[in-house]
Trainee: 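Take a look at the following structure, please.
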Amino acid sequence: MKSLQPIEIGSLVLKNRFIMAAMGPELGDFDARTVDYYVRRAKGGAAMILTNVIATEAIDGHGPSSTLTEESFAGFKSLVDQAHEYGCKVCIQIMPGVGLGGKAPHRTMPASVSADMMFEELTKAEIAFIQQEVFKTVGLAKRAGADAVELHAYGGYLTDKFMTARWNIRTDEYGGSFDNRMRFLTEIIEGVQQELSKDFPLIVKFTPCHFLPPEQGYRAMEEGIEVAKLLERKGVHALHVDTGCHDNWYMAMPPIYQQEAVTQLYAARMVKEATSLPVITNGRLGDIGKAEAALQNGWIDIVGVARAFLADPDFPNKVLENRTDEIRSCIYCNEGCIKSVVEGESIKCAVNPLAGYESVKKVGIAAKPQQILVIGAGPGGCQAAITAAEAGHDVEIWEKRDRLGGNFYNACLPSFKRDGEKLLQYYKIELKQRNIRIKYCMEATEEKVLAYKPDAVIHATGASPLKPRSIPGIEKAHVASATEVLDNSVFIGENAVVVGAGLVGCETALVLANNGRSVTVIEMADKILPEPVFIQNAMMLHRMLQHPKITFKTSSKLIRIDDHAVAVQTPEQEEIIPCDNVVLAMGFLPNTHIFRALQDKIRIVNVGDSVQVRKVLDAVHEAHDAVLGLH
């Protein structure tokens, strides 16, 4: 495989083509937990890890990036030394500034490239200060033994704002013409080369195309090619290509809905054709097939992977050892990684409870192995079983259906979410290899559980669709739940009404519309997706929902279901909507009857949606923590 072949970046030789792309983990300034997080990926086979730092917090205030200073130097050097023990190189990615609205305590307004209603313009003295802080940082990185430097200049952050007419309306030498807009970055490149020498491996991560209207000042590919050529002339050793910005943020970290090849691959191919430099790109390339195809087609030279390294830090080694069926795949939910960090929490992963907690939540062998019964084989139940087996317990799962996955199985059935199935395949392999017994079509009852006599029970029975019996007609035969529609267990006619415009209702409407049905979605709230959906995911989903066969009616309450229509109450009047079928997406209720029956009779812990309906992340982390609590 080409992905396993060595590659050079200037004088630097990487052992394979998989590198860990930088993320702002909000873990601290190279303390023990931060070092463990990065070194774990080095141990897993990464050829190079990119550690994200910000040059100074004096402008934007604190953010999720680390800082490299004399105080944090020892931690960073420890990271470098330990990574090198695994044959992994370390590249420090330096962000000159954020430029998105953060501000240091002494500022009255946030500062960015240009002044507007939200920002005050950086002075030339502040620009020089930021650049000097970059140079200090690269000097420390080199002294610590770092192998390369990557300059952060993409995605609508500060450096990209200097480079882009959309945001740069300065009238001094840092604004106006192409060369002036590039000046902030080119001066940094020249200063770094002076600090480190021109032979020290230098990478620039940039956005050749924002994929937004160029007439509004966003960068089109033509200018992106000019940027790439300029960077090559400046002596950069590799180009790291990304796309999008915060105005179409889902492109930068494509969510699960982005099943087709990402725009980063197109942009990288265009840059590679225009320059002779090695090209890196990222964007769902933890999919080994897509990554290998991009390499074989000559679109890229190096595979940048971020989220998939959170899900499974060992995936490069598993590729090397021909064990790709054992890779725990990222589900691209963006909940544990970017959402957590945006909300000021440290980085985590929905499917890997140890990501960011490598030493904190490490599983040890139990002093006294126990017999553990897990009820339910959704993500929470599977994780509980895996953690328990890893701790040395004897584990059995009871699942009332004929398959793994719980409601997550149904959520993965739409064509725009099929990649989620890879997680379920991972669970099947892992359960088998750990000799975890699983009994399908086994519905737990109080009597059966007590007769089994487990030492402890992990209750992970999930939740069931809400079906308010107070609504007249809700028991009619043409009424189905969204989960039934998703797994194709009911027939749906040409015209359907979906009740509820939350995430499940919207995705179900898309499935029906993509299959040729005409769909009316009714929602009591005054907007669709009334419950918060992380902005990156919501941006792409809103775009997908602009479907000619879907009509939304908000501020509309279902009051009655007739044989061939529904009656809804709008602010103005009662309205009749003809339909062949009614699909309920009104939410879920936790399944608690077994837990309540057993909680005073046996040691039992409730986790996941059977506590409260939430996300895969909550179920997986609660399940892992519950098992740790059994020791």
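Bear in mind the structure is a predicted one, so any value in this text is a computation, not a measurement.
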Trainee: Please tabulate, for side-chain N and O atoms in residues 248-256, each donor-acceptor pair with protein atoms closer than 3.5 Å (sequence neighbours left out).
Mentor:
residue : atom : partner : partner atom : Å
Asn248  : OD1  : Cys245  : N            : 2.9
Asn248  : ND2  : His210  : O            : 2.9
Tyr250  : OH   : Arg543  : NE           : 3.0

Trainee: Show which side-chain atoms of residues 95-107 pair as donor or acceptor with protein atoms under 3.5 Å away, not counting sequence neighbours.
Mentor:
residue : atom : partner : partner atom : Å
Lys103  : NZ   : Arg107  : O            : 3.3
Arg107  : NE   : Met109  : O            : 3.4
Arg107  : NE   : Glu120  : OE2          : 3.4
Arg107  : NH1  : Glu126  : OE2          : 2.6
Arg107  : NH2  : Glu120  : OE2          : 2.6
Arg107  : NH2  : Glu126  : OE2          : 3.3

Trainee: What heavy-atom pair brings Ile7 and Arg17 nearest, and what distance separates the two atoms?
Mentor: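 Distance-wise, the nearest heavy atoms are CB-NE, 3.4 Å.
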
Trainee: Set out, in order, the CA-CA distance, both residues' side-chain angles and the distance that settles side-chain contact (heavy atoms from CB on, under 4.5 Å) for Asp29 and Thr69, then state yes or no.
Mentor: CA-CA 9 Å; Asp29 290 339; Thr69 62; 5.9 Å; no

Trainee: Just wondering, are more than 12 heavy atoms of other shown residues or ligands nearer than 6.0 Å to NZ in Lys290?
Mentor: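 Count over threshold, so yes.
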
Trainee: Keeping the roles fixed (side chain from Arg219, backbone from Thr207), state whether a donor-acceptor pair exists under 3.5 Å.
Mentor: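 Flag set: sc Arg219 to bb Thr207 pair under 3.5 Å.
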
Trainee: So, Glu187 and Tyr174: side-chain donor and acceptor under 3.5 Å apart, yes or no?
Mentor: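 Side chains of Glu187 and Tyr174: pair found under 3.5 Å.
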
Trainee: What I want to find out is whether Glu622 reaches Arg614 closely enough, with some N-O distance under 4.0 Å, to be called a salt bridge.
Mentor: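 Between Arg614 and Glu622 there is a salt bridge, with a charged N closer than 4.0 Å to a carboxylate O.
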
Trainee: Is the CD atom of Glu343 crowded by more than 12 outside heavy atoms at less than 6.0 Å?
Mentor: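 Counting neighbours around CD of Glu343, more than 12 heavy atoms of other residues, nucleotides or ligands fall under 6.0 Å, so yes.
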
Trainee: Using atom types as modelled, flag every donor-acceptor pair under 3.5 Å from a side chain in residues 44-56 to any protein atom, sequence neighbours excluded.
Mentor:
residue : atom : partner : partner atom : Å
Asn52   : OD1  : Ser65   : OG           : 2.4
Asn52   : ND2  : Gln93   : OE1          : 2.7
Thr56   : OG1  : Ala58   : N            : 3.0

Trainee: What closest approach, in Å, do Leu310 and Arg41 show between heavy atoms, and which atom pair accounts for it?
Mentor: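 Heavy atoms of Leu310 and Arg41 come nearest at O-NH2, 3.5 Å.
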
Trainee: Kindly indicate whether a cation-pi arrangement holds for Arg328 with Phe315, taking the cut-offs as under 6.0 Å to the six-membered ring centre and within 45° of the axis.
Mentor: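 Geometry flag: not set, cation outside 6.0 Å or 45°.
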
Trainee: Could you check whether Arg40 pairs with Asp314 (Lys NZ or Arg NE/NH1/NH2 to Asp/Glu carboxylate O, under 4.0 Å)?
Mentor: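 Looking at Arg40 and Asp314, the cut-off is met.
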
Trainee: Grab the two heavy atoms, one from Met539 and one from Asp247, that are nearest each other, plus how far apart they are.
Mentor: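 Looking at all heavy atoms of both residues, the closest pair is CE-O, 3.2 Å.
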
Trainee: Distance only, no hydrogens: is a donor on one side chain within 3.5 Å (strictly under) of an acceptor on the other, for Glu26 and His62?
Mentor: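 A donor-acceptor contact under 3.5 Å links the two side chains.
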
Trainee: Strictly below 4.0 Å, N to O, side chains only: are Arg170 and Asp172 in salt-bridge contact?
Mentor: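 Result for this pair is yes, salt bridge flagged.
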
Trainee: So that I can tick it off, tell me whether Lys229 and Glu232 are bridged by a salt bridge, with the cut-off set at under 4.0 angstrom between side-chain N and carboxylate O.
Mentor: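 Judged by the 4.0 Å cut-off on N to carboxylate O distance, Glu232 and Lys229 do not form a salt bridge.
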
Trainee: Could you tell me the separation between the OH atom of Tyr257 and the CD atom of Gln536, rounded to the nearest 0.5 Å?
Mentor: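 The OH atom of Tyr257 sits 12.5 Å away from the CD atom of Gln536.
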
Trainee: Return the minimal non-hydrogen interatomic distance between Gly176 and Arg181, and the atom names on each side.
Mentor: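 So the two residues come closest at O-NE, 3.2 Å.
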
Trainee: Closest approach of Pro313 and Asn352, non-hydrogen atoms and distance?
Mentor: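 Pro313 and Asn352 have their closest heavy atoms at CD-ND2, 3.9 Å.
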
Trainee: Might you point out which heavy atoms bring Phe552 and Cys506 nearest each other, and give the distance in Å?
Mentor: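 Shortest heavy-atom contact: CE2-SG, 4.1 Å.
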
Trainee: Do the charged groups of Glu190 and Arg183 touch, with an N to O distance under 4.0 Å?
Mentor: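 The answer is no: the pair does not qualify as a salt bridge.
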
Trainee: Can you tell me if Ser78 and Asp81 form a side-chain donor-acceptor pair at under 3.5 Å?
Mentor: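 No, no side-chain donor-acceptor pair sits under 3.5 Å.
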
Trainee: Rounded at 0.5 Å granularity, tell me how far SG in Cys91 sits from CD1 in Ile9.
Mentor: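 Between atom SG of Cys91 and atom CD1 of Ile9 there are 7.5 Å.
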
